[in-house]
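Below is one structure; the comments refer to it alone.
Along the sequence shown, residues carry numbers from 1. In what follows, every heavy atom counts, from backbone to side chain, and hydrogens, waters and symmetry copies are set aside. None of these values were measured; they are calculated from a predicted model.
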Amino acid sequence: MTKQVKQLDRVIIRFAGDSGDGMQLTGDRFTQESAAFGNDLQTLPNFPAEIRAPQGTLPGVSSFQVHFADHDILTPGDSPDVLVAMNPAALKANLPDMKPGTSIIVDSHDFSARNLIKAGYAGNPLEDDSLADYALTVVDLTGMTVAAVKEFGLSRKDAARAKNMFALGLLSWMYGRPTETTTAFLEKRFAKSPDIRDANITAFKAGWNFGETTEAFAVKYEIKPAPMSAGVYRNITGNLALAYGLVAGGVQSGLPLFLGTYPITPASDVLHELSKHKRFGITTFQAEDEIAGIGAALGASFAGSLGVTSTSGPGIALKSETIGLAVMTELPLVVIDVQRGGPSTGLPTKTEQADLLQAMFGRNGESPVPIVAPQSPGDCFAAAVEAIRIAVTYRTPVMLLSDGMLANGSEPWQIPDIDELPVIDPAFATAPNHEVLDKDGNSTEDFWPYLRDEETLARPWAIPGTAGLEHRIGGLEKGDGHGNISYDPGNHDYMVRIRQAKTDRIADSLPPLEVDDPSGRAKVLVMGWGSTYGPIGAACRRVRKAGLDVAQVHLRHLNPFPKDLGEIIKRYDAVMIPEMNLGQLSLLIRAKYLVDVVGYNHVRGLPLKAAELAEAITDLISTTTGEATADDAGTSSQDKESVR
């Protein structure tokens, strides 16, 4: 049967089903196929927090969204072009995100009266007109899967589990994905269970063949590879990139890396990955709790290793006292916070970026901590290397703020050239550094642990046991230079100020900010940090495509701010800061630069939507310049304010 082939420039597909239906695996395999084909892509896994939510209910729905294209893209997409729904709950939970005219492929097998009631349906949506606005295809995916794998003698339950591979095969045919990577994956994953292996491969091929032969799908689609600069690429998640960045930072500094941590969603994969790399001098320690994890990491730094700890927001709360100890002792320590929805347990599998103020101020006393935030999954690698550079060079704990979207999402990542990575010199103290006179007036030398480098203001880092370098460090205030315990008010005031000055001095080592202002005529600047980079960039593209001028700047360093940020802000008449919180960076920018920034804030546990943000930017441009736009027609100023 000859099929029509239609060219597309991009597609957004969402696989959705029960948390036991293998949607994360299905989406991941489709992503790997697209990466192998050469498309640019972004992904958004979304799954329940409960270990096993009630089967067939809305809280138990798991989904995986992949946006792939023949050009550079920045987000996983606002809403799907194609929804693959494996049961009634998956359909009901995801239907609100579907626009009229988009495609829905439904596995009809589980649309029984009992399952419809579980999902909250009064009737069967496949049999009424409620889905008339969509391109609906109803297929018994489960039934065809069971029939396809009958020869392997599996129980019906085990046979039905392969339906996700049938769906993957169908979608792989529909969008011309290479199948070799998935076949090789299944052969390796189920090598010890030949019947399961062969059943999954057969289901995958059956889905492909069904697409090729059925009249239900008369069109297949082609999305060409995206042009990319020359290099070696791989698909990578944020947590994996973060782990690789820590390994690279350890190698570049020549330090053994010690991860002291306690498992917590969505940061646990950093521990899992680092545990595989002992050959690079990596030691991983799964502690009994968050406090023990960071205590061990700080102890490792005291002993001359590179201490790292990883967690999410609730763990940061428990680690705060030891972070303060690291500030006082002035030892390098990297603290990774993979942010999630809060407060408390909150939304552990959903994304948020509401820990900025906690990272900035969440300790007792004046205890400044540098803050670094990656902007994309691949950028987590560079952010980890940067955090290590700052921690080692300036003898300070550094907070790295990732989030759930970055941690679990993925994108193509160009493997960097080792020569491009910074050399990080720990410059251990090896000899006395202070001249003193004995009682007879003879000159001798001893070691002062708080004499400071003129450029960085960092104190010497002495490994315990180094001959002649005896010293004490701890949580009590130390005297300037000599490091003996001091309760002198003037000394405490000085030490507080010098620790802050050391953090401020980091700004001298930061490169100039890159401002994306193609026309040079923009009056509005959109500023962001962390994972909002993608939605902000996509929204600015939409606004420019509509003929309006807008500038974008994104911050990696949140403490200290880059030295040229104030001058950049002054160039623009209005500044908008979109965040997945209630305005935390906005608060800091207002306080630092006395600019009344416009906040754009959503705390949904999901990434910002580029289309909605583009409308808000358009409205701000109209308000700022006084020029009406096509979208302004018939919109009152009160309506505009509510949109903004």
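At least one side-chain heavy atom of His557 sits less than 4.5 Å from a side-chain heavy atom of Val372. Ser367 has its side chain out of reach of Ile323: every pair of non-hydrogen atoms, C-beta onward, lies at least 4.5 Å apart. Under the 4.5 Å side-chain criterion, counting only non-hydrogen atoms from C-beta, Val369 is not in contact with Thr503. The side-chain heavy atoms of Val11 and Phe68, taken from C-beta on, include a pair separated by under 4.5 Å. You'll find the side chain of Thr625 stays beyond 4.5 Å of the side chain of Asp549, heavy atoms only. Looking only at side-chain heavy atoms (C-beta outward), Asn239 and Glu273 stay at 4.5 Å or farther from each other. Pro412 is listed as a side-chain neighbour of Leu41, based on a closest heavy-atom distance under 4.5 Å. No side-chain heavy atom of Arg14 sits under 4.5 Å from any side-chain heavy atom of Ile12.
The residues Asp18 and Lys118 are annotated as not salt-bridged, no charged nitrogen and carboxylate oxygen being separated by less than 4.0 angstrom. In this structure, Arg571 does not pair ionically with Asp517, as no charged nitrogen and carboxylate oxygen lie closer than 4.0 Å.
Across Pro80 and Gln65, no two heavy atoms sit closer than the pair CG-OE1, 3.7 Å. In this structure, Leu74 and Gly537 approach most closely via the heavy-atom pair CD1-C, 3.5 Å. Leu58 approaches Ala93 most closely through the heavy-atom pair CG-CB, 4.3 Å. The minimum heavy-atom distance linking Asn408 with Thr237 is given by the pair O-CG2, 4.0 Å. Taking both residues in full, the closest heavy atoms of Arg544 and Ala551 are given as NH2-CA, 4.0 Å, listed atom of the first, atom of the second, then distance. Here the shortest heavy-atom pairing between Asp337 and Gly313 reads OD1-N, 3.3 Å.
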For side chain to side chain contact (heavy atoms under 4.5 Å, CB included), just list the numbers for Met23 and Phe47, CA-CA rounded to whole Å, side-chain angles, deciding distance to a tenth of an Å, and then say yes or no.
-> CA-CA 9 Å; Met23 294 297 96; Phe47 42 87; over 6 Å; no
What's the verdict on side chain to side chain contact (heavy atoms under 4.5 Å, CB included) for Thr102 and Leu83, showing C-alpha distance, side-chain angles and the deciding distance?
-> CA-CA 8 Å; Thr102 53; Leu83 170 66; over 6 Å; no
Any chance you could lay out the side chain to side chain contact (heavy atoms under 4.5 Å, CB included) test for Leu274 and Val308, step after step, and finish with the verdict?
-> CA-CA 11 Å; Leu274 282 180; Val308 180; 5.7 Å; no
Asn46/Leu606 under side chain to side chain contact (heavy atoms under 4.5 Å, CB included): CA gap, chis, key distance, verdict = CA-CA 9 Å; Asn46 194 352; Leu606 295 169; 3.5 Å; yes
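A donor-acceptor pair under 3.5 Å links the side-chain atoms of Gln353 to the main chain of Met580, judged by distance alone. Using a distance-only test at 3.5 Å, with no hydrogens or angles considered, no donor-acceptor pair links the side chain of Asp70 to the main chain of Ile223. Side-chain atoms of Asp269 do not come within 3.5 Å of backbone N or O of His272 as any donor-acceptor pair. Checking side-chain atoms of His67 against main-chain N and O of Thr75 turns up a donor-acceptor pair under 3.5 Å. The backbone N or O of Leu357 sits less than 3.5 Å from a side-chain atom of Gln584, completing a donor-acceptor pair. Of the possible polar contacts, none joining the Asn559 side chain to the Met360 backbone as a donor-acceptor pair under 3.5 Å is found. Remark: side-chain polar atoms of Gln339 are paired, donor with acceptor, to backbone N or O of Ser402 under 3.5 angstrom. Judged by distance alone, the side chain of Arg521 and the main-chain N or O of Pro518 form no donor-acceptor pair under 3.5 Å. Remark: side-chain polar atoms of Ser410 are not paired, donor with acceptor, to backbone N or O of Asn235 under 3.5 angstrom. Using modelled atom types, no side-chain atom of Asp97 and backbone atom of Ser79 make a donor-acceptor pair closer than 3.5 Å.
Once rounded to the nearest 0.5 Å, the distance linking OG1 of Thr261 with CD of Glu290 reads 6.0 Å. The distance from atom CG of Leu116 to atom CG of Leu126, rounded to the nearest 0.5 Å, is 7.5 Å. The CG atom of Leu171 sits 5.0 Å away from the CD1 atom of Ile13 when rounded to the nearest 0.5 Å. Note that CZ of Arg29 and CG of Asn164 are 12.0 Å apart. Values are rounded to the nearest 0.5 Å. For the atom pair CD1 of Ile104 and CG of Asp81, the computed distance is 12.0 Å after rounding to the nearest 0.5 Å. Rounded to the nearest 0.5 Å, atoms OG1 (Thr532) and CG (Leu608) are 6.5 Å apart.
With sequence neighbours excluded, the residues satisfying salt bridge (Lys or Arg N to Asp or Glu O under 4.0 Å) with Arg590 are Asp596. Residues forming a side-chain hydrogen bond (donor to acceptor under 3.5 Å, both in side chains) with Ser268 (at least two apart in sequence, or on another chain): none. In this structure Phe381 satisfies the ring-ring contact (aromatic ring centres under 6.0 Å, His included) test together with Trp413, sequence neighbours excluded. Partners of Asp40 by side-chain hydrogen bond (donor to acceptor under 3.5 Å, both in side chains), not counting sequence neighbours: none found. Contacts of Glu352 classified as salt bridge (Lys or Arg N to Asp or Glu O under 4.0 Å), with partners at least two apart in sequence or in another chain: none.
Gln24 and Ser62 share a donor-acceptor pair across their side chains, judged by distance under 3.5 Å alone. A donor-acceptor pair shorter than 3.5 Å cannot be found between the side chains of Asn39 and Ser34. Using a 3.5 Å distance cut-off with no hydrogens or angles, the side chains of Asp573 and Thr624 do not pair a donor with an acceptor. Counting only N and O atoms by type, the side chains of Lys319 and Thr309 include a donor and acceptor under 3.5 Å apart.
The environment of CD in Gln414 is crowded: more than 12 heavy-atom neighbours from other residues, nucleotides or ligands sit within 6.0 Å. Counting non-hydrogen atoms of neighbouring residues, nucleotides and ligands closer than 6.0 angstrom, the CD atom of Glu567 exceeds 12 such neighbours. By the neighbour-count criterion of 12 heavy atoms within 6.0 Å, atom CG of Leu582 is sparsely surrounded, having that number or fewer from other residues, nucleotides or ligands.
Applying the side-chain hydrogen bond (donor to acceptor under 3.5 Å, both in side chains) test between Ser531 and each of Asp403, Thr351, Asp379 identifies Asp403 as the sole match.
Here ring pair (Phe, Tyr, Trp, His ring centres under 6.0 Å) pairs that include residues 511-539, with residues two or more places apart or in two chains, are Tyr533-His554.
Ring pair Tyr175/Phe30 is perpendicular by interplanar angle, where above 60° counts as perpendicular and below 30° as parallel.
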